[in-house]
Amino acid sequence: MSMDFKKIEKKWQDKWAKEKVFEANPIFNQKKYFITVPYPYTNGPQHIGHGRTFTCGDAFARYKRLKGYNVLFPMAFHITGTPVLAISRGIQNNDKIIKTRFTEYVALDTKNKDDVKKIVESFKEPWNIVNYFAKTFKTGFDELGTSIDWRRSFTTGDTEYNAFVTWQFNKLKDKNYLEKGKYPILFCLNDQNAVGEDDILSGDEIDLAIQEYTCIKYPYKDGYLVASTLRPETVYGVTNIWINPQATYVKVKINDDIWYISKKAASKLEYQDKTVKILEEFKGKELIGDKCKTPINNRDIIILPATFVDDDNATGVVYSVPAHAPFDYIALMDFKKDVKTQKQYGFKKEDIDNIKIIQIINLEGYTDFPAKEAIEQFEIKNQNSDKLKLATEKIYKDEFYKGILNDKCEDFKGLKVADAKEKVIEKLNKTNKIDKFYRPITPTIKCRCGGDVIVHILDDQWFLNFNQGTWKKDAFDCLNNMNITPSKYRTFFENVFNWLDKRPTARKRGLGTKLPFDTNWIIEALSDSTIYMAFYTIINKIKENKIPSDKLNIELFDYVFLNKGAIKEVSKKTGINETILKEMQDEFNYWYPLDHRHTAIMHISNHLSFFIFHHTAIFPKNKWPKTITLLEPVTVEGSKMGKSKGNVLPLIKTIRKYSADVFRLYILTSAGFASSVDWREIEVEKTQKHIDKITSLIQKYYNNNNNNVKIKQTTNVKALVSRFTQKIIDAESNIESFDLQKYAQIIIFDIYNLISAFEKRANDDEKQILNEIINTWIITLSPIIPHICEELFEIYQNKGFVAKAEWPKTKNKKIDTKSIDMMDFVDTVIEDIHNIKKQVRIETKQINIYISPLWKFTVRDLVFDNKNNAKGLIPIVMKNVEARKQGDLTVKYISNLTKEIHSLQKYELTQENEINILNEAKKVLEAELKCNIQIENSDKSKSDKAKRAEPGKPGIEIL
RNA sequence: GCAGGGGUCGCCAAGCCUGGUCAACGGCGCUGGGCUUAGGACUCAGUCCUUUAGUAGGUACGAGGGUUCAAAUCCCUUCCCCUGCACCA
């Protein structure tokens, strides 16, 4: 009978929902297990990466249920931040890319084209996006067969959730973990608003980092010519200033200073926490030929023209260090040769000749000026060469790590560049000759609205300060007591913890919760998603009792989560009746702490770390989380999934193509947590076939006969039962240490192989044991392929849900190692026969098997018992009468055994065992090998082959 | 740069933590047999080299050293590749 997987899956998903199988309520005398997977960001359909994480989480949840735990496995929807807004803006503006993308998304689950169009149009309203995708996420996870308690779902934009986060941030404020400060952000000049990845054109492809330039103030006229640089330590080697003669410059009042900078720079500085008043405006060429002073030793340097200077980059003024900057070097060389330009600006020859290149850094491996050498090395011919950038990068790196400042640098002589940088800044700062200028690391960033993106410094940014008070210490305390699996990721956490400092915690716009004490700010997406697992424990009660969110005040949460306040008072203040309050508190206390959080490693550096930090900030120690398991992402045919690559596989599409159980099995068996799963079509199809094989094997031997028929306990049967039990024990210990892959491999492949090997060698009576074996097997298979298991369980057992079955008890089951050894022995014999047959390639009519003589058993045991006494071995063995009789043969056999003495194992079978088991298996062997088999004791045989017989390795003769 | 991960027999990929049972799981590909009218599918066998009626030897786990009776596995050096680095969730 072949099975219609899709029909079966739908059937059981409906049944689970109808019978509320996964709705978890506190049962106070039952042990509980609370497992969560981070809620996914709900701005598109889920992909197979989500599928992996949830499949694993679900497998754990299902296993724990079998083990008798009351399991809570909830999920919700994350919508905080700007991405959803960016989408609705895109739809409003008829953005083609966004519209196409979302039409595709909606089409995944909606067939009618007009409906698709209508739905996409509705996305002009952000909440429609959220609601739509929340619904498709639920569909997707239902179709995957995840055992989620949906009563507890919510979105992070719900008012109830807002109330919860409001409480959380009040707690953080009380702890003094929140503070205000300055912070540079990307900002759109057109929108006059902060922008993030989603708001920026190709934001997912370009580097959005902010780069801090150092501005050095060169005294000039009544103020300063302000040049910007990434390498302030080179100020000792400055030879001249570069100005773009074509660009527009300004004399401008910056705070209390007069600066000469490009006009574009002045307009940007307005956003960088400075007051800006333009006094004069002029072309760059008017500065050419003037002189200014160096800020450190008051030298005169000249201002030269250079077209490579970009007035849109930083201050538009560049100071020239030709010894160490390839751009400067080549420009200076060009200028020295360019008599025409010199004349044009009226330079005197002596002015030009006076410009001497100053080398300030000694660098191993370079004999000449480093910049000059790099130019030669890269074969750069002129100022416009693309290779100049490479040369600059190389010099920058080499000098930063290997360069030593020389005697031109006064007090800093002998310092490494890396160390000198800070000190030079400090020195310039003492005489107020330094400032900062921020710019995006990518030169021209455009907002989706078309506006230019610059760096804006906010002076009232809210931060979480992870270094405040005992916060970090507490977080480490929590981490040290947690199980992190795979364990190699623990150091990753430790590094992140050490590195965490201040984190901006609110933004100017986006969906989410307002900062309670400063409502201009929205709490940012990662900060509002740190302790929400606690919210799962009570949201069902809030919904069930229709508690309006304005009643969810601080007193309420204090009472429920922290057991603060008298219930009567709280009830008065919240207007919620006491019974409900008590129920909520009890439920929280029942489920918390969170036992297990499972997710992808990418979340370590932010979400998971914040998760730990915030738990320690808000909750008492006995409510801190206990376990985190982590996995690598999913790749598709060897490459990373990405929107831009167009290779993102939506979960729904994939499940509908292959069925949920195939997906689950593939995901669980193909990689361990510490490696990425590669989704390969060919392999997935194999998985499909494997499931077919398993189900047909099961169907062949599974039946309704549960009357404990007496099955003859042959060695074969005993060995099967023992091997099977051993596998179940192994599988259990693997999943207990969170190794799902090993678990699945054992349950799926090992046991399948075990049963099919048994099938080959067993007679019909013996095969009756399979019904009982399979019944147990189905239960252990169910965390992996739950739908098929439910179906089979129903057909053959009809005892309710396999999801609620009981994990097999292995404690009192004996593993009969002797039977296993005996069957192993048979396997070895068969393998050897096959090996020999391969070589001889003759028609076999008769096979003689010669069992080892008794004395070899004796000798082997003696050798094993004395394996640590290699030298005394022969005399010891020779004390034995039987051994001595054999003379030389014994010595030879001993020397054979000692060759591998380190790996010599105890041999458990006796000669009698060997003879008996082969006789027992004789018929099966004859059938399998299609010939007569004769078993002889080699003591009584004169055959050559009999002489080589050893315990465990009988002599074999093929005739 | 800082931090993390990795280089395994054509390809993908286990093993490495806890050294021996590792010529190294598994899959793909390839070769041959069976089954088929054929193909596909399925199935059996082979797939580092040599040797052989089975259990043997050699060379191998990026490269080079070291520790050990014994190293893919531990240590050191070196070459190469990948990922993250904060407002993006």
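All chains are named by letter (A, B, ...) in the order of the sequence lines, taking the proteins before the strands, and each is independently numbered beginning at 1.
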Taking atom [atom1] in both [N] and [M], what distance in whole Å separates the two?
N     : M     : atom1 : answer
B:G7  : B:A60 : C1'   : 16 Å
B:C81 : B:C25 : C1'   : 26 Å
B:G40 : B:G19 : C1'   : 47 Å
B:A53 : B:G64 : P     : 36 Å
B:G15 : B:A23 : C1'   : 13 Å
B:G32 : B:U78 : P     : 49 Å
B:C16 : B:C2  : P     : 30 Å

Please pick, from [options], the nucleotide with the shortest atom-to-atom distance to any side-chain atom of [X].
X        : options             : result
A:Met602 : B:A86, B:C42, B:A89 : B:A89
A:Tyr41  : B:G84, B:A89, B:G4  : B:A89
A:Thr491 : B:C88, B:C42, B:G4  : B:G4
A:Arg680 : B:A86, B:A89, B:C12 : B:C12
A:Ala525 : B:C85, B:A89, B:C42 : B:A89
A:Pro83  : B:C42, B:A89, B:C85 : B:A89
A:Asn495 : B:A86, B:A89, B:G4  : B:G4
A:Lys693 : B:G4, B:A41, B:U43  : B:U43

Using a cut-off of 4.0 Å on non-hydrogen atoms, how would the nucleic acid contact of [X] be classed: base, sugar-phosphate, or nothing?
X        : value
A:Thr80  : sugar-phosphate
A:Pro40  : nothing
A:His607 : nothing

Spacing between [X] atom [atom1] and [N] atom [atom2], to the nearest angstrom:
X        : N     : atom1 : atom2 : result
A:Phe497 : B:C2  : CZ    : P     : 23 Å
A:Leu500 : B:A86 : CG    : P     : 12 Å
A:Leu630 : B:G4  : CG    : C1'   : 13 Å
A:Asp501 : B:C85 : CG    : C1'   : 14 Å
A:Ile445 : B:C88 : CD1   : P     : 10 Å

Steps toward salt bridge (Lys or Arg N to Asp or Glu O under 4.0 Å) verdict (A:Asp460, A:Lys180): CA-CA 6 Å; A:Asp460 56 350; A:Lys180 265 183 164 185; 5.0 Å; no
N/O (side chain, A:Thr82) to phosphate O (OP1/OP2, B:A89) under 4.0 Å: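 So the side-chain polar atoms of A:Thr82 do come within 4.0 Å of the phosphate oxygens OP1 or OP2 of B:A89, strictly under.
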A:Arg507 side chain near B:A89 phosphate (N/O to OP1/OP2, under 4.0 Å):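 For B:A89, OP1 or OP2 has a side-chain N or O of A:Arg507 closer than 4.0 Å.
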Non-neighbouring partners of A:Tyr438 that pass ring-ring contact (aromatic ring centres under 6.0 Å, His included), sequence neighbours left out: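 For A:Tyr438 there are no ring-ring contact (aromatic ring centres under 6.0 Å, His included) partners, ignoring immediate neighbours.
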Applying the Watson-Crick and G-U wobble criteria at under 3.5 Å, what pairs with [N]? Answer none if nothing qualifies.
N     : value
B:C88 : none
B:C11 : B:G27
B:A3  : B:U83
B:C48 : B:G58
B:C42 : B:G34

Verdict with supporting geometry, A:Phe493 and A:Ile612, side-chain contact (heavy atoms from CB on, under 4.5 Å): CA-CA 10 Å; A:Phe493 272 101; A:Ile612 293 175; 4.1 Å; yes
Ring centers of A:Phe102, A:Tyr105 separated by less than 6.0 Å: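 Yes.
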Side-chain ([X]) to main-chain ([Y]) donor-acceptor, under 3.5 angstrom:
X        : Y        : result
A:Lys472 : A:Leu500 : yes
A:Tyr666 : A:Arg680 : yes
A:Thr80  : A:His78  : no

hbond_proxy A:Asp678 side chain to B:A13 base (donor-acceptor, 3.5 Å cutoff):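 There is none.
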